[in-house]
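The sequence lines fix the lettering, A, B, ..., with proteins before strands; numbering per chain opens at 1. What you see is a predicted model; the values in this text were computed from it and never measured. Excluded from the calculations below are hydrogen atoms, water molecules and symmetry mates; all remaining heavy atoms, backbone and side chain alike, are included.
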Amino acid sequence: MIARIIQEELAALVVKAQAEGLLPPTVKPRFQVEPPKHKDYGDYATNIALSLAGQARKNPRELAAWFAENLRKRQDLFAKVEVAGPGFINFFIAPRYWQQVPTVIEKEGPNYGRVDVGQGRRIQVEFVSANPTGPLHIGHGRGAAVGDTLSRILSFANFKVEKEYYINDMGRQMKILGRSVYLRAKELAGEKIDFPEDHYRGAYIIAIARALLEKEPDLLALPEEEGIERAKEFALTTILAEIKKDLEDFGVTYDNWFSEKSLYETSQVEKALSLLREKGLLYEKDGAVWFKASAFGDEKDRVVIRASGEPTYFASDIAYHYNKFFTRKYHRVIDIWGADHHGYIPRLKAVIKAFGLPEEKLQVMLIQMVNLLEGGRLKSMSTRAGEFVTLRELIDEVGKDATRFIFLTRRCDSPLDFDVELAKKQSRENPVYYVQYAHARLASLFRKAAEEGLGLPRVEEVDLSLLNTEEDFNLLKLLDYFPDTIEACAVNLEPHLLTFYLLDLATALHDYYTKHRFLSEDRPRTKARLILAKAVKQVLACGLDLLGVSAPERM
RNA sequence: GCGCCCGUAGCUCAACCGGAUAGAGCGUUGGGCUUCGAACCCAAAGGCUGGAGGUUCGAGUCCUCCCGGGCGCGCCA
């Protein structure tokens, strides 16, 4: 949080500089305050002078010197303020600033780390939304981990978040699903059938068919059309229930399960399309109805109603996003898709623009593919043939915690090689244990302290200036940086930053642990260190919770 | 052919709106438990950031071209 304080100081000084005529009133203060890579450059550094020098036609070092001069007055914050290099300003933060960090954490409790990026605005995050035609696989797992964690972080950053799963419960895929189950049922009844190549061939279809026959023994006596319809409904509810269960066991729950079919039942498709028609953005050609997507940056126009009279999936999506923005009035919407859908973005963005909305209202996050590695070799997956690793298998074999953590140790736009064997190992190669171990170690420490009759001291009665070793400061600085991390995650939609932060914090804790003792004969110091330990434990637990990973007391 | 994403240490990955000497883990080599949890720590080796130009005070990051990999380019979803 010191970064924010410095930013405010600098912003105030820009105003002052303008008042004194040092800077022209027109300059736009664009600058960063960040921890520099090298320790010699202080705890934080800013490029403000370099940034303003160009605009104001001033010497950057002279400008920097002026800022530094004024900043030195804040001796409560800065031990030293230096001008360096081409015009950077380096800040060496006063020890007593760091030493009061535990007091802040104590005071804010579980709310420590909350920031106000969202200002209470409503935001929707839609993710996974896999077709309910089969079990979730490893790729959906990545989307689930990212979507859920991002949602948790956004609520922590004061957005009012709603998580949503969009169910494609109509259209051709559903018909094929129904027919697949129906055919398997026939087969189970002893009939020889020719199972079509393009139908769902996974073993789970047979299991569903068997369950259906048990429930409705007369199924095959019904007219075929009706039988297929029954099979479809049954398959949909069965598969959806399994998807829901898998996600719950993965730590993911939704606020809404939104049915595509409902868009038609409540005539929202008509409504959305007529809005576009009124604007003159729909036209007929070759018997189909087209949307003028090319007028809004897409490559070409897109069909919304086929010549057959059936609406396309795109028509549903137009209505769905009409619903998101106009019926439910979300301030912002985030759609999380697999990277293979990226070609779809321009057309949906075109819809948003056609609606007269600013493009940024909709953000589409693409999650890159997951490759499965087994023993270091790439394993090919084929959904059609029913050969894939399911999310369920990962939860059962690898565990929720390790799986989520691994998915979150990568940037979303980087493809991920998932090594199942490695993920199963309970060793250092598996980074989740590194962070959890830090937490469990601290839990153990407090058990030990209790055994020795040491209660938790109150922060007011502790001399925090005793936290004065290099390792103390490492931890204090990281603790202070936690809210900044949350902010960065929320602003950039990058949950992996939190994962890396937690790894850093765990590293600093383990380092501390080997170099110092928390409990000693020196009572004042012991108290101070217990306060520090408590703060670290709290932030670790909070961060792990945001990742949807457990923070064990023992392991 | 066109579009999007990626290319960073042997391997898997970081690097916040362009910042100063590009960082971790694994693996390799060598060290560290009579003391709160060794699932830990310390040290060493390891790099022309795929290549070539350009923009500027300054480029892994931005622009152009090339090479290599992935994914798209339906009246499929």
Side-chain angles (χ1 to χ4, degrees), chain A residues 3 30-32 34-38 40-41 45-47 50-51 53-54 60 84-88 90 130-131 133 168 171-174 260 285-290 299-300 302-308 310-314 316-317 338-346 366 368-369 371 373 376 406 409-417 419 422 425-431 433-434 436-438 440-449 451-452 484-485 487-489 491-492 494 496-497 499-500 503-504 506-507 509-520 526 529 533 554-555:
Chain A
R30 281 183 51 238
F31 60 92
Q32 303 153 36
E34 52 185 33
K37 285 176 183 167
H38 203 271
D40 296 348
Y41 300 139
T46 182
N47 61 348
L50 290 162
S51 165
F88 290 102
N90 296 336
N131 285 342
T133 54
N168 298 117
R172 226 190 65 189
Q173 302 298 320
M174 277 296 115
E260 178 185 7
K285 195 183 82 180
D286 304 331
V289 179
W290 300 68
E299 286 173 24
K300 46 185 154 183
R302 307 290 176 176
V303 170
V304 291
I305 310 279
R306 301 186 185 99
S308 66
E310 279 178 307
T312 59
Y313 175 83
F314 184 45
S316 302
D317 247 350
D340 52 340
H341 287 68
H342 72 256
Y344 203 77
I345 296 177
L366 294 178
Q368 283 295 328
M369 304 284 107
N371 299 308
L373 240 61
I406 288 167
T409 41
R410 248 135 279 207
R411 247 174 43 227
C412 293
D413 48 14
S414 172
L416 187 150
D417 295 329
D419 190 326
L422 197 129
K425 281 193 200 160
Q426 299 204 359
S427 72
R428 180 58 199 274
E429 292 164 77
N430 204 333
Y433 299 110
Y434 187 76
Q436 289 184 317
Y437 182 57
R441 256 185 152 178
L442 289 170
S444 165
L445 174 74
F446 287 110
R447 286 192 296 270
K448 179 79 180 175
E451 270 172 36
E452 294 186 8
D484 303 79
T485 303
E487 184 173 310
C489 289
V491 170
N492 304 317
E494 288 184 336
H496 76 279
L497 297 175
T499 316
F500 284 94
L503 286 165
D504 283 345
T507 301
L509 188 273
H510 288 311
D511 181 45
Y512 195 97
Y513 213 98
T514 51
K515 287 190 180 136
H516 304 289
R517 290 188 57 79
F518 283 92
L519 311 176
S520 69
T526 297
R529 289 185 169 173
R554 289 190 162 83
M555 50 193 287

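- Listed by chain and number, the residues in a side chain to side chain contact (heavy atoms under 4.5 Å, CB included) with A:Arg447 are A:Ala443, A:Ser444, A:Glu553, A:Arg554 (sequence neighbours excluded).
- Taking 90° from 0 as the syn/anti boundary, the base of B:C63 is oriented anti.
- The shortest side-chain heavy-atom distance between A:Leu416 and A:Thr409 does not fall under the 4.5 Å cut-off.
- Counting only heavy atoms from C-beta on, A:His510 has its side chain closest to B:C41 among B:C41, B:A77, B:G37.
- The nucleotide whose nearest atom lies closest to any side-chain atom of A:Tyr437 is, among B:C13, B:G37, B:A77, B:G37.
- For A:Ser414, counting side-chain heavy atoms from C-beta on, the closest listed nucleotide (B:C73, B:C75, B:C13) is B:C13.
- Only the C1' atoms considered, B:G58 is 40 Å distant from B:C40, to the nearest whole Å.
- Side chain of A:Phe500, nearest nucleotide from B:A14, B:C36, B:C16: B:A14.
- Between A:Arg411 and B:A15, a side-chain N or O to OP1/OP2 separation shorter than 4.0 Å is present.
- Out of B:A77, B:G37, B:C73, the shortest distance to the side chain of A:Asn168 is found at B:A77.
- The phosphate of B:G74 has OP1 or OP2 within less than 4.0 Å of a side-chain N or O from A:Lys300.
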Between the protein and nucleotides 17-20 of chain B, are there any N/O to N/O pairs under 3.5 Å, and if so, what are the atom names and distances?
unit_1: B:C17; atom_1: O2'; unit_2: A:Gln32; atom_2: NE2; d: 3.2
unit_1: B:G19; atom_1: N7; unit_2: A:Asn47; atom_2: ND2; d: 3.2
unit_1: B:A20; atom_1: O2'; unit_2: A:Tyr41; atom_2: OH; d: 2.9
unit_1: B:A20; atom_1: N6; unit_2: A:Asn90; atom_2: OD1; d: 2.5
unit_1: B:A20; atom_1: N1; unit_2: A:Asn90; atom_2: OD1; d: 3.3
unit_1: B:A20; atom_1: N1; unit_2: A:Asn90; atom_2: ND2; d: 3.3

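- Inter-residue side-chain proximity for A:Gln173 and A:Asn168 is flagged as unmet; no heavy-atom pair is nearer than 4.5 Å.
- Comparing B:G18 with B:A59, their P atoms sit 14 Å apart, to the nearest whole Å.
- With RNA chain B read from its 5' end, the first of the two nearest nucleotides for A:Arg172 and A:Phe518 is the one closest to A:Phe518.
- With sequence neighbours left out, A:Glu494 forms a side chain to side chain contact (heavy atoms under 4.5 Å, CB included) with A:Asn492, A:His496, A:Leu497.
- Separation of the C1' atoms belonging to B:G25 and B:A15 is 15 Å when rounded to the nearest angstrom.
- The side chain to side chain contact (heavy atoms under 4.5 Å, CB included) search around A:Phe31 returns A:Gln7, A:Leu10, A:Pro29, A:Val33, A:Thr46, A:Asn47, A:Ile48, not counting sequence neighbours.
- For the salt bridge (Lys or Arg N to Asp or Glu O under 4.0 Å) test, no residue two or more places apart in sequence or in another chain qualifies with A:Arg529.
- Contact annotation: the side chain of A:Asp317 never approaches that of A:Thr312 to less than 4.5 Å [non-hydrogen atoms, C-beta and beyond].
- Look at A:Arg517 and you won't find any side-chain N or O under 4.0 angstrom from OP1 or OP2 of B:C36.
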Write down the protein N/O and nucleotide N/O pairs, taken from nucleotides 68-70 of chain B, whose separation is under 3.5 Å; answer none if there are no such pairs.
none

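- The phosphate of B:C36 has neither OP1 nor OP2 within less than 4.0 Å of any side-chain N or O from A:Arg529.
- Residue A:His341 and nucleotide B:A77 are classified as a stacked aromatic pair, their ring centres being separated by less than 5.5 Å at an interplanar angle below 30°.
- Dashed line: the shortest gap from a side-chain N or O of A:Arg306 to OP1 or OP2 of B:G74 is not under 4.0 Å.
- Nucleotides B:C65 and B:C5 are separated by 14 Å at their P atoms, to the nearest Å.
- Side-chain N/O atoms of A:Ser444 include one lying less than 4.0 angstrom from OP1 or OP2 on B:G37.
- Checked against salt bridge (Lys or Arg N to Asp or Glu O under 4.0 Å), A:Asp504 has no partners two or more places apart in sequence or in another chain.
- Searching all strands for a Watson-Crick or G-U wobble partner of B:C65 with both distances below 3.5 Å returns B:G51.
- Listed pair A:Tyr434 / B:C41 meets the phosphate criterion, a side-chain N or O lying under 4.0 Å from OP1 or OP2.
- For A:Glu34, the side chain to side chain contact (heavy atoms under 4.5 Å, CB included) partners at least two apart in sequence or on another chain are A:Gln32.
- Shown here, B:C33 is classed syn by the O4'-C1'-N9-C4 or O4'-C1'-N1-C2 angle, which is within 90° of 0.
- When the salt bridge (Lys or Arg N to Asp or Glu O under 4.0 Å) test is applied to A:Arg30, no partner is found at least two apart in sequence or on another chain.
- Using atom P as the reference point in both B:C66 and B:C2, the two lie 8 Å apart (nearest Å).
- A residue-by-residue look at A:Phe446 and A:Trp290 shows that A:Phe446 has its nearest nucleotide of RNA chain B further toward the 5' end.
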